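Read through the structure below, which is laid out as structure tokens, and then see the notes.
Scope of the values below: all heavy atoms of this structure, side chains included, with no hydrogens, waters or symmetry mates. The first residue in the sequence is number 1, and the count goes up from there. What you see is a predicted model; the values in this text were computed from it and never measured. Both counts, for ligands and for their atoms, begin at 1 and track the order of listing.
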Amino acid sequence: MSKIRLGVNIDHVATVRNARGENYPSPLRAALFVQKSGADSVTIHLREDRRHINDSDLKEIKSKLKIPFNLEIAATNEMLKIALKRKPPFICIVPEKRQEITTEGGLNLNFKKNFLKKIINKLKKNKSRISLFIEPNLNDIKESKNLNADCVEIHTGKFCNLVNKNKNYKYELKKIKTAVILGNKLGLEVHAGHGLTYKSAKILAKISGIKEFNIGHFLIGESIFVGLDKTIKNFRKIVK
Ligand code: PXP
């Protein structure tokens, strides 16, 4: 079985920095640290309001990081322009609402579908791998294929929430499993992300067919107690 990739989202290093308007802790330093600790990629979400990562973080990370970085962007003209200029190896298109605390759900693929198709094709021609962040439902998997995406990232938020609260997660797990099977059948690379902890990642890592996990908030939080290197290595043992 091939190795599952581990992507580490470092947005919350920038959140801590921005809370004081200082230039530390540095997201670039975090990205290089993550690389050294054995992650396969670094994820950063450039939001419209720049609440965590900003344009100069993106520029610095692009110029210094050796492993691929995965740029999460909303489907807007502004983000398209930036992504075309910076040429991230990986791009994940995500929905974005200004008032939300985090990315609350998957993309609505029926909204501005032609625009979405246009940006996917432009970014693919620019040599970025394109993933769509979607809910685990079969229509969205089929639609992602129709839109010519390379990958889908399944929003695991609902599942993780149930796991965290020790509630019954069987139904959500089944939805994820079914979505993974169809994604693989259609030739899409399937990823998983949002809300993952050691416990939820352990359950999902048993599903064959998920090729990449993107993990941020819990991982950065846990590193306060045991360090970033140890936390990444702990996830590395789960995601392998
Ligand atoms: N994947 C995507 C597409 C996301 O938008 C996020 C959150 O920014 C993550 C993964 C990471 O989620 P978390 O920070 O909850 O681990």
For [atom], which protein heavy atom lies nearest, and how many Å away is it?
atom                    : answer
atom 16 (O) of ligand 1 : Gly216 N, 2.8 Å
atom 15 (O) of ligand 1 : Gly195 N, 2.8 Å
atom 14 (O) of ligand 1 : His217 N, 2.8 Å

With a 4.0 Å cut-off on heavy atoms, does Phe133 reach ligand 1?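 It does, in that a heavy atom of Phe133 comes within the 4.0 Å cut-off of ligand 1.
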Can you figure out which of Glu212, Glu72, His194 has its heavy atom closest to atom 2 (C) of ligand 1?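 Checking each option, the heavy atom nearest atom 2 (C) of ligand 1 is found in Glu72.
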Lys85, NZ atom: more than 12 neighbouring heavy atoms under 6.0 Å: no
Counting only heavy atoms not in Arg50, do more than 12 sit closer than 6.0 Å to its CZ atom?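 Above 12, so yes.
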Give the numbers and elements of all ligand 1 atoms closer than 4.0 Å to a heavy atom of Ile215.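 Counting atoms of ligand 1 from 1, those under 4.0 Å from Ile215 are 16 (O).
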In ligand 1, which numbered atoms sit nearer than 4.0 Å to a non-hydrogen atom of Val94? 3 (C)
Any side-chain heavy-atom pair from Pro89 and Phe69 closer than 4.5 angstrom? yes
Would you say Leu6 and Ile238 make side-chain contact, with heavy atoms under 4.5 Å? no
Side chain or backbone of Glu153 under 4.0 Å from ligand 1, or both, or neither, by non-hydrogen atoms? side chain
Is the His45 ring parallel, tilted or perpendicular to the His52 ring (thresholds 30°, 60°)? tilted
Is any side-chain N of the basic residue among Lys175 and Glu135 closer than 4.0 Å to the acidic one's carboxylate O?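 Between Glu135 and Lys175 there is no salt bridge, as every charged N stays at least 4.0 Å from the carboxylate O atoms.
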